[in-house]
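Each remark here refers to the structure printed beneath this line.
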Amino acid sequence: NCYISLLDPTGGWVADAAYQVAAHRENPPSPMLLRRAERSLFTAVDSTNSRDYAAAERFVQFAEENSAAIIDPDLRHRRLRYVHMSNVCVLAGQGKGQAALEFAAPLRTELDAEFAKVGRVTQWQSTFFRCVSFAQRQLGLLADAKQTAQVFIDRCKAGPTASDGRCEAK
């Protein structure tokens, strides 16, 4: 993360190298490799100076493969949630807006039900809603993109984080 924080354009290799080191130490499938793939995916998708969607696609695959180490299906699903939300960003970033929206649809249903139950947004939802809105804009669905962004803003403001500045436009 230091390379990325310093906006070092050569720092993108670090996430891949970290995953490769972990892969040599662990026998897949492994929860540790799942976690490392998840962190590397975050770096590849959310890097401030360059996004590497090809690497992100690999990390999604690595995470899926290593999720087999989690036997309980509900726990596995919860552990892969960030990976799946990020995959919407990967697809949208690759210019595959329709595929991103199709992949996002069941996640959106799940997030809507969760919000109805707990009344607040949970971790990584801003990334998900941003990427869904981006995919909608790619497809010329501007009213839908605006509505998606507004839903997230309204949900964010309705929750306990509204007063700490996280919902403010930057």
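Just so you know, these numbers come straight off a predicted model, no measurement behind them.
Around CG of Asp72, the count of heavy atoms belonging to other residues, nucleotides or ligands within 6.0 Å exceeds 12. Counting heavy-atom neighbours within 6.0 Å of Arg120 CZ, excluding the residue itself, gives a total of 12 or less.
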Validation: residues 88-98 side-chain donor-acceptor distances under 3.5 Å, sequence neighbours left out:
| residue | atom | partner | partner atom | Å |
| --- | --- | --- | --- | --- |
| Gln94 | OE1 | Lys96 | NZ | 3.4 |
| Gln94 | NE2 | Glu57 | OE1 | 3.3 |
| Gln98 | NE2 | Glu102 | OE2 | 3.3 |

Sequence neighbours excluded and cut-off under 3.5 Å, please list the side-chain donor-acceptor pairs for residues 146-153, or say none.
| residue | atom | partner | partner atom | Å |
| --- | --- | --- | --- | --- |
| Thr148 | OG1 | Gln136 | OE1 | 2.8 |
| Thr148 | OG1 | Gln136 | NE2 | 3.2 |
| Thr148 | OG1 | Asp144 | O | 3.0 |
| Gln150 | NE2 | Asp154 | OD1 | 2.8 |

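Of all heavy-atom pairs spanning Ser86 and Leu41, the tightest one is CB-CD2, 3.6 Å. Heavy atoms only, all atoms of each residue included: Leu34 and Asn66 are closest at N-CB, 3.7 Å. Of all non-hydrogen atoms in Cys156 and Val121, the two that sit nearest each other are N-CG1, 4.2 Å.
Looking only at side-chain heavy atoms (C-beta outward), Arg36 and Phe59 stay at 4.5 Å or farther from each other. Looking at Thr122 and Glu114, their side chains come closer than 4.5 Å, going by heavy atoms from C-beta outward. Leu101 places a side-chain heavy atom less than 4.5 Å from the side chain of Leu141.
His77 contributes atom NE2, which lies 11.0 Å from atom CG of Leu75 (distance to the nearest 0.5 angstrom). For the atom pair CZ (Phe115) and CD (Glu110), the distance works out to 15.5 Å, reported to the nearest 0.5 Å. In this structure, CZ on Arg78 lies 11.5 Å from CG on Leu80, to the nearest 0.5 angstrom. Note: Phe103 CZ to Cys131 SG = 12.0 Å, rounded to the nearest 0.5 Å.
Not a single ring pair (Phe, Tyr, Trp, His ring centres under 6.0 Å) links Phe134 to another residue, sequence neighbours left out. Listed by chain and number, the residues in a ring pair (Phe, Tyr, Trp, His ring centres under 6.0 Å) with Phe128 amount to none (sequence neighbours excluded).
Inspection of the His84 and Glu64 side chains reveals an N or O donor paired with an N or O acceptor under 3.5 Å.
Pairs of residues two or more places apart, or lying in two chains, that qualify as salt bridge (Lys or Arg N to Asp or Glu O under 4.0 Å) and include a residue from residues 21-35 are Arg35-Glu38. Each salt bridge (Lys or Arg N to Asp or Glu O under 4.0 Å) pair with one or both residues in residues 122-137, not counting sequence neighbours, appears once here: Asp46-Arg130.
Arg108 and Asp112 are joined by a salt bridge, as a carboxylate oxygen and a charged side-chain nitrogen come within less than 4.0 angstrom of each other.
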Decide ring-ring contact (aromatic ring centres under 6.0 Å, His included) for Trp124 and Phe42; before the verdict, give the C-alpha distance in whole Å, the side-chain angles of both, and the deciding distance to 0.1 Å. CA-CA 10 Å; Trp124 308 114; Phe42 175 80; 5.3 Å; yes

